[in-house]
Amino acid sequence: MAIHVRNRIPAEIPTASMADIAFLLIIFFMLTSVYSSNFGLQYGLPKNEPLTEVQPLESIHVHILGPGQYTVDRRPATLPQIAGYIDMKLKQNPKKPVIVQTDPDVPYYATIEVLDVCKQLRVESVSIPTSSEIAMWNNFAGGIGGVTQ
Amino acid sequence: MKKLRVQRSRAYIPTASMADIAFLLIIFFMLTTSFSPVKMSVDLAEAANREEVDKDAAIVAIGPSGEMEISNGINPGNRINSLDELDIFLQEVVMQDPTKQFIIKADREIRYDVFNAVYEKLRNNNCRRIALLTEAKQAPAGQ
């Protein structure tokens with residue numbers, strides 16, 4: 001009697017669809033996740049106490065009137081001109097503070113542009129005055145930057 | 001004459017390792033991605049000189065219409081409707097950790113007075129360390 005050799009099918013777990021499942025999971029998580037941006041401009045704030053430390057007369061006053069519209073110590077300037085001015089002043093006095101004042105209706109990114117320049121020039125002290133400080137300074141020597149060095 | 005049968009093997013693309021690759025990708029993204037507890041989507045301002053902020057910093061997010069969401073950096077964010085709620089939140093966080101960093105995650109197009117209102121609250125509540133969240137500045141076209 002002839003021996004029948006059976007054509008045996010090897011036992012295996014079908015894994016072809018696993019890749020589809022895994023890629024679907026990747027796409028799902030990519031679409032539903034909110035990623036956090038972990039980088040920014042860092043500042044240390046002073047205590048909220050009566051103004052004794054900040055001396056407007058000795059600081060550089062940058063006033064943001066609108067996107068691309070600035071004055072530095074009351075003189076109109078472009079952003080590169082502000083950078084050059086601050087750089088020049090810092091060479092004379094590396095500890096010179098910079099006050100960044102922004103008008104209320106100006107978009108926020110205009111302030112960030114100026115703060116970015118200050119960061120780039122490694123300004124030690126950058127001050128963003130509160131509305132009460134601005135009001136106080138407006139009654140003092142004709143406002144911030146009323147008298148410049 | 002007897003015909004010889006050539007045993008043909010079926011042509012196929014091996015896909016067994018695809019699953020391994022895909023799961024490795026999932027694990028890689030899970031380990032390297034950090035998720036923000038604040039779900040509000042904002043268009044951040046761009047800056048070139050950025051520093052890494054604390055991983056567990058508290059977040060105050062300000063949306064394009066001035067809507068706000070807050071998180072202590074651990075718990076999921078909550079929408080708030082007034083600056084008084086922000087005041088209470090800041091007091092609680094500062095009481096627990098006076099050295100806590102606060103991130104302002106503001107939309108680039110909001111009016112400055114909206115940002116300033118939040119900034120003043122931070123100062124009034126003795127928050128010492130703040131960070132203004134930005135995204136990397138894109139190089140100008142052609143460079």
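Each chain gets a letter, A, B and so on, in the order the sequences are listed, and its residues count up from 1.
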> For A:Leu115, is it the side chain, the backbone, both or neither that has a heavy atom under 4.5 Å from a heavy atom of chain B?
Replying inline: side chain
> Given the rule in the salt bridge (charged side-chain N to carboxylate O under 4.0 Å, His left out) test, do B:Arg111 and B:Asp113 qualify, once you have shown the distances and angles that lead to the verdict?
Replying inline: CA-CA 5 Å; B:Arg111 280 168 55 108; B:Asp113 53 356; 2.8 Å; yes
>> With a 4.5 Å cut-off on side-chain heavy-atom distances among I, L, V, M, F, W and Y, is there a chain of contacts connecting B:Ile88 to B:Tyr119?
In response: no
> Which bit of B:Gln101 comes within less than 4.5 Å of chain A, counting heavy atoms only: side chain, backbone, both or neither?
Replying inline: side chain
> In terms of heavy-atom proximity below 4.5 Å to chain A, should B:Asp54 be classed as side chain, backbone, both, or neither?
Replying inline: neither
> Any idea which of A:Ile112, A:Val106, A:Ile26, A:Thr102 has the most non-hydrogen atom pairs under 4.5 angstrom with chain B?
Replying inline: A:Thr102
> Looking at A:Pro67, A:Pro104, A:Ala110, which one has more heavy-atom pairs under 4.5 Å with chain B than the rest?
Replying inline: A:Pro104
> Between A:Asp103 and chain B, which part of the residue has a heavy atom less than 4.5 Å away: side chain, backbone, both or neither?
Replying inline: backbone
>> For A:Tyr108 and B:Tyr112: C-alpha separation, side-chain torsions, deciding distance, then whether ring pair (Phe, Tyr, Trp, His ring centres under 6.0 Å) applies.
In response: CA-CA 5 Å; A:Tyr108 167 70; B:Tyr112 181 77; 7.7 Å; no
> So with a 6.0 Å cut-off around CE of B:Met95, is the heavy-atom count from everything else above 12?
Replying inline: no
> Does a salt bridge link B:Arg50 with B:Glu135, judged by any charged N lying under 4.0 Å from a carboxylate O?
Replying inline: no
